[in-house]
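Everything below concerns the one structure shown next.
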Protein chains: 2
Amino acid sequence: MTETVSTSTQNLSASSRAPLRGQTVIEQIKAYILRHRLAPGDPLPTESALCEELGASRSSVREAIKTLSALDIVEVRHGHGTYVGRLSMAALVEGLVFRAQLSSQDDFAVLGELIGVRQLLEQGFAGPILAAFDDELRAALDAQVEEMRRRTDLGEPFVEADRAFHLLLIQPLRNDLVSQLTAAFWDVHAVVAPMLSTSLEHARETVDAHAGIVTAAANGDEAAFVRAIETHYAPVREQLDYHLRQS
Amino acid sequence: MTETVSTSTQNLSASSRAPLRGQTVIEQIKAYILRHRLAPGDPLPTESALCEELGASRSSVREAIKTLSALDIVEVRHGHGTYVGRLSMAALVEGLVFRAQLSSQDDFAVLGELIGVRQLLEQGFAGPILAAFDDELRAALDAQVEEMRRRTDLGEPFVEADRAFHLLLIQPLRNDLVSQLTAAFWDVHAVVAPMLSTSLEHARETVDAHAGIVTAAANGDEAAFVRAIETHYAPVREQLDYHLRQS
DNA sequence: GGCCATTTGTCCGTATGTATA
DNA sequence: TTATACATACGGACAAATGGC
């Protein structure tokens, strides 16, 4: 039976070392998902079933699943089962956050580079964004700005509204990758930025900047739109420079 | 002796569920790296040492290390030891490649979105790139184009030179994050693109496109530079559309 | 509520492979 | 070659979480 062609012994042919067990199990599980054409959320065999099917011990299978879980290729629910993951950017976020934490002890280099990328994503797609801009989107963006202003007056943070705003802005592109990258970079920013001191003054500036972005987009003025994005990120840059000068 | 208290019962104190062992070990190892201000390449304690220090079993520590290894936060060298990882984009690449493989059975949506992002990164930074463009960079880029042309005449692929070209192009930005993202997206592209058929004709077009990019940059003509980038990615888009129409 | 089967989480002991000295 | 230190892999046992009866 079986033709589990398996792999192992024969592919180290020449000189190089044989691939480690855990690595081959990872590939086998990925191949299983592809072969069965599974989609995110679909159930995978249980650990013991995978052990039989792949001819590996439970430890090896578990460690392989751990790796795939970190990449969000699989998702594990304790006491329930293992499923195909959502293939999100969670790994990117976790990695970048750790990088930022590691570098923040000296400087905020990662945060500065992050702002550059975030700004580029929104400025670079200015054309397509304005082309697809309509009243519905404008209303949705206005609602988020309103929410931000309301919370600022209450002295509360407005993380949710800010995240929603930036996601709405690039949504008309209908590019999942860009949307997910935008969300991922925002998430990293949200974790890292609080390491800088922030003021109420700064919060009001930021809210106004968001309003300015909507206005420029509504007017279909691409140059103004790009400038508004620039203005939006400027305060963060200033705080960053200020912080760097102090150290 | 003992006080291995073992765990379990007491730490689910209040209402929400206690974090799982593996998860806390992951955080502990990350905290260890931050606390000791370790840099990529620095050695970590051995598995058994970590077991003692963290009060967890080998399995838990190993599985935690597996997760951190997938994120390139730690790097394991068999029979040698565990070290702080290079914090690369390896996880992003692996995740995106799998996404593309999963979607390629139906369409090449991920590849299309990928091209959009790659193009944006280079077009969006046109200003700073041209501002920092000098003879040295031009010579380096010309060398890569020359290498590509030579290989094409020999009927060989020119992956290395192509990768080097695009990395050189955004190098003057001195933004590590952008450079690594560019490299990561290129890597994904290189794995996914071969699923499309490619011709010698296409290869020559691509080489010429690279030469056009250099010329535009050397002339300091930003508009031409942006058009050249557009031209460079156009053939891939066409192939993509062609492939989609056939299915 | 309790009980039970299933599944993942954790631990231990041991043996093997790998790299350095 | 031998010895040592280390990561890799295995198998079994028990704990914890989930869902259904």
Side-chain angles (χ1 to χ4, degrees), chain A residues 6-9 11-12 15-29 32 41-70 72-85, chain B residues 1-29 32 41-70 72-85:
Chain A
S6 197
T7 133
S8 6
T9 30
N11 45 2
L12 50 111
S15 53
S16 68
R17 51 178 167 277
L20 298 177
R21 193 63 165 221
Q23 203 57 38
T24 74
V25 175
I26 289 174
E27 297 307 319
Q28 286 174 314
I29 294 177
Y32 179 97
D42 289 348
L44 259 56
T46 65
E47 290 181 353
S48 39
L50 281 174
C51 291
E52 289 185 26
E53 186 157 342
L54 306 181
S57 74
R58 203 179 151 212
S59 317
S60 300
V61 170
R62 276 189 60 77
E63 290 188 2
I65 289 178
K66 269 288 179 183
T67 295
L68 294 173
S69 175
D72 204 13
I73 288 176
V74 308
E75 180 190 344
V76 179
R77 276 179 258 171
H78 189 171
H80 198 265
T82 308
Y83 304 82
V84 177
Chain B
M1 311 281 99
T2 175
E3 71 152 5
T4 58
V5 182
S6 205
T7 142
S8 1
T9 31
Q10 128 256 36
N11 44 4
L12 48 111
S13 44
S15 52
S16 64
R17 50 177 165 278
L20 297 177
R21 193 66 160 203
Q23 203 56 39
T24 74
V25 174
I26 290 174
E27 297 307 320
Q28 286 175 312
I29 295 177
Y32 179 97
D42 288 348
L44 259 56
T46 66
E47 289 183 353
S48 39
L50 281 174
C51 291
E52 289 184 24
E53 186 156 341
L54 306 180
S57 72
R58 286 168 192 84
S59 316
S60 300
V61 171
R62 276 187 61 76
E63 290 187 3
I65 290 179
K66 272 287 179 184
T67 295
L68 294 173
S69 175
D72 205 12
I73 288 177
V74 308
E75 179 190 346
V76 178
R77 276 178 259 172
H78 190 155
H80 197 265
T82 308
Y83 303 82
V84 178

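Proteins get letters first, then strands, A, B, ... in listed order; numbering begins at 1 in each.
For C:dG9, the base has a donor-acceptor partner in the side chain of A:R58 [N/O atoms by modelled type, under 3.5 angstrom].
A:K66 has its NZ atom 10 Å from the C1' atom of C:dT8, to the nearest Å. Counting to the nearest Å, the P atom of C:dT8 and the CD1 atom of A:I29 are 11 Å from each other. Protein atom CG of A:L50 is 13 Å distant from nucleotide atom P of C:dG9, rounded to whole Å. We find that CD of A:E63 is positioned 14 Å from C1' of C:dC11, with the value rounded to whole Å. Rounded to whole Å, the distance from OH on B:Y83 to C1' on D:dA5 is 11 Å. To the nearest angstrom, C1' of D:dA9 lies 14 Å from CD1 of A:I26. One interatomic measurement links the two molecules: CD of A:E47 to P of D:dC10, which rounds to 14 Å at whole-angstrom precision. Distance B:L68 CG to D:dA7 C1': 16 Å, rounded to the nearest Å.
In this structure, of C:dT8, D:dT8, C:dT10, it is D:dT8 that holds the atom nearest to the side chain of A:L20. Ranking C:dT8, D:dA7, C:dC11 by closeness to the B:V76 side chain, first place goes to D:dA7. Closest to the B:T46 side chain, of the nucleotides D:dT8, C:dT8, D:dC6, is D:dC6. Each of D:dG11, D:dA17, D:dA9 was ranked by its minimum atom distance to the side chain of A:H78; first place goes to D:dA17. When distances run from any side-chain atom of B:S57 to the nucleotides C:dC11, C:dT8, D:dT18, the shortest one goes to C:dC11.
Under the 4.5 Å side-chain criterion, counting only non-hydrogen atoms from C-beta, A:T82 is not in contact with A:L50. B:Q23 places a side-chain heavy atom less than 4.5 Å from the side chain of B:I26. In this structure the side chain of B:E63 never reaches within 4.5 angstrom of the side chain of B:T67, judged on heavy atoms.
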Please report the C-alpha distance between B:T24 and B:L54 in whole Å, then the side-chain angles of each, then the deciding distance to 0.1 Å, and finally whether the side-chain contact (heavy atoms from CB on, under 4.5 Å) criterion is met.
CA-CA 9 Å; B:T24 74; B:L54 306 180; over 6 Å; no
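Proximity of B:R62 to the phosphate of C:dC11: no side-chain N or O atom is located under 4.0 Å from OP1 or OP2. In terms of phosphate contacts, A:T82 brings a side-chain nitrogen or oxygen within less than 4.0 Å of OP1 or OP2 of C:dT8.
Other residues, nucleotides and ligands contribute at most 12 non-hydrogen atoms within 6.0 Å of the CD atom of A:E52.
The nearest heavy atom of DNA chain C to A:H80 and to B:Q23 marks one nucleotide each, and the one closer to the 5' end goes with A:H80. Residues A:S59 and A:R77 each lie close to DNA chain C; by heavy-atom proximity, the contact nearer the 5' end of the strand is made by A:R77.
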